[in-house]
Protein chains: 2
Amino acid sequence: MDSKHPAGRLPEPPNPIADDGDETHFCGTCAFSSACIAAGYNKPELAQLQCLVEHVGPFRAGEHIFRTGDPFRAIFAVRSGTVKTRMVDKEGREQVLGFYLPGEVIGLNAIYPEHFPCDAVALDTSFFCRFSFPAMSALASRIPAVQKHLFRLLSKELGSASLLAGDHSADERMAAFLMDLAGRYAARGFSATRFHLSMSRGDIANYLRLAAETVSRVLSRFRSQNLIRIEGRELELLNPDALRQLGQALLPD
Amino acid sequence: MDSKHPAGRLPEPPNPIADDGDETHFCGTCAFSSACIAAGYNKPELAQLQCLVEHVGPFRAGEHIFRTGDPFRAIFAVRSGTVKTRMVDKEGREQVLGFYLPGEVIGLNAIYPEHFPCDAVALDTSFFCRFSFPAMSALASRIPAVQKHLFRLLSKELGSASLLAGDHSADERMAAFLMDLAGRYAARGFSATRFHLSMSRGDIANYLRLAAETVSRVLSRFRSQNLIRIEGRELELLNPDALRQLGQALLPD
DNA sequence: CGTAAATTTGATTGGTCTCAACTTTCGTGG
DNA sequence: CCACGAAAGTTGAGACCAATCAAATTTACG
């Protein structure tokens with residue numbers, strides 16, 4: 001054990017799987033929470049919002065939430081678990097487009113083409129809130145706050161392409177990736193310094209446009225620099241400031 | 001003259017600057033056309049749509065349409081000219097996010113942050129239709145087709161990040177870039193095989209995450225392979241099929 | 001417990017960047 | 001109209017980071 005830390009094993013991090021028994025907490029951290037609140041928990045409109053939501057799942061690791069070419073009928077908020085979206089070109093090469101954590105929304109890029117342009121694959125056992133898009137649009141017409149919320153969701157996703165931008169080194173991209181995940185977990189109320197990487201090294205590499213071997217090497221280097229602790233897919237950020245510094249060119253602010 | 005083609009100079013391509021005297025044609029190719037049509041050219045709503053549109057310009061090459069941090073109040077449809085959007089990090093390094101041609105819309109990524117997250121810089125003398133976003137939202141609430149159109153615009157832009165995706169060779173990225181431009185010009189009624197590159201080699205390189213020298217080398221190679229003719233910024237695609245083939249991994253379908 | 005998949009680590013290769021020099025284009029003013 | 005300087009673009013040579021190839025090891029799972 002070359003780690004300077006006492007424990008031989010990383011303790012289990014808090015499991016970022018929403019408690020099905022705690023609707024209020026989950027909804028409070030969901031990307032739709034402000035829309036739901038705007039609709040009014042105590043107004044008749046809420047009933048309509050509830051109407052168009054359907055809880056779906058579980059999906060096991062590797063199962064598809066939707067597939068490329070499926071007709072677009074709904075968007076999905078991740079309720080628990082993790083999802084990757086990906087495209088597969090005709091030579092069979094996979095391209096990972098993004099990872100989605102509890103509270104985040106998938107499927108928005110299907111509105112225009114009216115068919116899903118990518119696959120969504122569960123990385124963990126996952127549950128979702130399914131929002132019928134026609135019903136959601138109709139509601140948005142009647143409740144400006146819901147419309148505004150949808151515009152904001154779409155616009156927000158437009159701004160999140162920056163991890164891939166620029167010709168940055170493997171270290172910069174990896175540091176930015178870890179800090180991005182940390183920030184997104186923190187935004188949903190989970191630990192920002194200890195979490196589980198639901199995706200494989202290969203998926204991370206693919207997403208960051210690196211080779212899987214490079215991801216492994218960078219993580220090893222970060223560990224030897226005491227920037228992180230990592231055992232398998234359990235991660236602890238030991239020096240978030242240094243990581244933020246490393247990835248600053250790719251991170252917001 | 002090492003070219004096998006008879007003419008010593010490339011003829012001037014059709015100038016993709018909308019004819020101000022031909023409103024109908026421009027609006028027919030604008031990204032908002034279907035919204036305008038949906039609003040109904042002969043209904044009272046059209047008056048409202050006209051109300052919230054303001055023609056702005058000219059902006060000369062190098063002038064800003066908006067700057068990072070400006071409060072978000074409107075989106076802009078390019079009426080004529082070309083625009084690049086870019087972010088500048090605190091070390092002063094520029095990152096080109098995209099190029100926008102006549103009929104395309106800029107500013108959508110500012111809805112969520114409520115401030116523009118990037119600069120928009122004219123590459124040509126340019127004119128715009130400015131759409132007040134609050135007014136547009138209000139109209140969208142009353143006219144479902146307008147709302148739908150905004151959703152589609154936003155979603156479409158989500159799907160257009162693919163040129164940057166993947167770790168592809170300089171040749172693949174350049175070929176895909178040229179074919180993407182060609183397709184977008186064609187969609188607006190301009191020539192798909194002869195057009196002017198309004199952006200510098202440096203801007204192309206930055207956008208494609210290459211060095212300017214690499215862009216220059218790739219274009220020279222394409223020329224020597226008779227895939228293109230290029231003189232300065234005047235471009236002719238001599239073998240679009242081969243270029244599409246080269247860039248297929250990055251192009252839709 | 002055994003096999004396949006994932007991960008780590010090492011050695012080598014290669015494509016693109018960097019540095020550098022030169023040419024061309026463009027805008028400006030004499 | 002031409003001269004001039006600055007910016008943009010081209011081309012070459014060498015260096016370097018990450019990809020690829022290869023192999024050992026660990027982990028996951030039936």
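We name chains A, B, ... by the order of the sequence lines, and we start the count at 1 in each one.
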**Message:** Any N or O donor-acceptor pair under 3.5 Å from the base of D:dT20 to the side chain of A:R217?
**Reply:** yes

**Message:** Within the structure provided, determine whether B:I65 and B:V56 are in side-chain contact (heavy-atom separation under 4.5 Å).
**Reply:** no

**Asked** Which whole-number value in Å describes the distance from A:R233 CZ to C:dA5 C1'?
**Response** 10 Å

Measure all distances between protein nitrogen or oxygen atoms and nitrogen or oxygen atoms of nucleotides 27-29 of chain C, and list the pairs falling under 3.5 Å.
none

**Complete:** Per the under-4.0 Å heavy-atom filter, residues of residues 89-100 of chain A near DNA chain C come out as none

**Item:** A:S220 side-chain N/O to C:dT9 phosphate OP1/OP2 under 4.0 Å
**Value:** yes

**Asked** Any side-chain heavy atom of A:L219 sitting closer than 4.5 Å to one from A:R201?
**Response** yes

**Message:** From CD of A:E172 over to C1' of D:dA18, roughly how many Å is that when rounded to an integer?
**Reply:** 14 Å

**Message:** Go through it in stages, so that I can follow the logic: the residues are B:L208 and B:T214, the test is side chain to side chain contact (heavy atoms under 4.5 Å, CB included), and I'd like the CA-CA distance, side-chain angles, deciding distance and then a yes or no.
**Reply:** CA-CA 10 Å; B:L208 296 177; B:T214 302; over 6 Å; no

**Message:** If the condition is salt bridge (charged side-chain N to carboxylate O under 4.0 Å, His left out), which residues does A:R221 pass it with, not counting sequence neighbours?
**Reply:** A:D171

**Request:** Hunt down any stem DNA chain C takes part in, defined as 3 or more consecutive Watson-Crick or G-U pairs whose two distances are each under 3.5 Å.
**Result:** C:1-30 with D:1-30

**Asked** With a 4.0 Å cut-off on heavy atoms, is B:R173 in touch with a base, just the backbone sugar-phosphate, or nothing at all?
**Response** nothing

**Asked** Hey, are the side chains of A:R79 and A:H55 touching, using non-hydrogen atoms and a 4.5 Å cut-off?
**Response** yes

**Protein-nucleotide distance (A:F222, atom CZ; C:dT8, atom C1'), rounded to Å** = 16 Å

**Asked** 5'-most contact on DNA chain C: A:D167 or A:L219, nearest heavy atom basis?
**Response** A:L219

**Request:** Name the nucleic acid region contacted by B:S200, choosing base, sugar-phosphate or nothing; use a 4.0 angstrom heavy-atom cut-off, strictly under.
**Result:** sugar-phosphate

**Prompt:** Where the side chain of A:R223 is defined as all heavy atoms beyond and including C-beta, which of D:dA19, D:dG9, C:dT9 is the nearest nucleotide?
**Reply:** C:dT9

**Request:** Would you check if the distance from the ring center of A:F99 to the ring center of A:Y207 is below 6.0 Å?
**Result:** yes

**Prompt:** Hey, what do you get for CD (B:E157) to CG (A:N109), rounding to the nearest 0.5 Å?
**Reply:** 13.0 Å

**Asked** According to the interplanar angle, ranging from 0 to 90°, do the rings of A:F116 and A:F76 count as parallel (below 30°), tilted (30 to 60°) or perpendicular (above 60°)?
**Response** tilted

**Asked** Is a donor on one side and an acceptor on the other found under 3.5 Å between the side chain of A:R223 and the backbone of A:I230?
**Response** yes

**Request:** Enumerate the residues from residues 201-215 of chain B whose closest heavy atom to DNA chain C is under 4.0 Å, giving them by residue number; use none for an empty result.
**Result:** B:R209, B:L210, B:A211, B:E213, B:T214

**Asked** Using a cut-off of 4.0 Å on non-hydrogen atoms, how would the nucleic acid contact of A:R221 be classed: base, sugar-phosphate, or nothing?
**Response** nothing

**Residue pair B:V121, B:F59: steps toward the side chain to side chain contact (heavy atoms under 4.5 Å, CB included) verdict** = CA-CA 9 Å; B:V121 181; B:F59 293 82; over 6 Å; no

**Asked** Is the shortest heavy-atom distance from the side chain of A:L123 to the side chain of A:D203 under 4.5 Å?
**Response** yes

Distances under 3.5 Å between nitrogen or oxygen atoms of protein and nucleotides 4-6 of chain D:
none

**Request:** Hey, could you give me the NE2/OH distance between A:H196 and A:Y185, rounded to the nearest 0.5 Å?
**Result:** 8.0 Å

**Asked** Rounded to the nearest 0.5 Å, how far apart are CG of A:D124 and CZ of A:R60?
**Response** 12.0 Å

**Item:** Interatomic distance where CG belongs to A:D171 and C1' belongs to D:dC17 [whole Å]
**Value:** 11 Å

**Asked** Whole Å only: how far is the CG atom of A:L197 from the P atom of D:dA28?
**Response** 13 Å

**Request:** Return the value, rounded to whole Å, for the distance between atom CD of A:E231 and atom P of D:dA28.
**Result:** 11 Å

**Asked** Separation of B:H196 atom NE2 from C:dT25 atom P, in whole Å?
**Response** 14 Å

**Pair B:F72 and B:F66, ring centroids less than 6.0 Å apart** = no

**Prompt:** Any side-chain heavy-atom pair from A:V88 and A:D119 closer than 4.5 angstrom?
**Reply:** yes

**Request:** Supply the atom-to-atom distance B:Q95 CD to B:C118 SG, rounded to the nearest 0.5 angstrom.
**Result:** 11.5 Å

**Value in whole Å for how far the C1' atom of D:dC16 lies from NE2 of A:H168** = 18 Å

**Asked** Going from CG on B:L227 to CG on B:L238, what distance comes out if it is rounded to the nearest 0.5 angstrom?
**Response** 8.0 Å

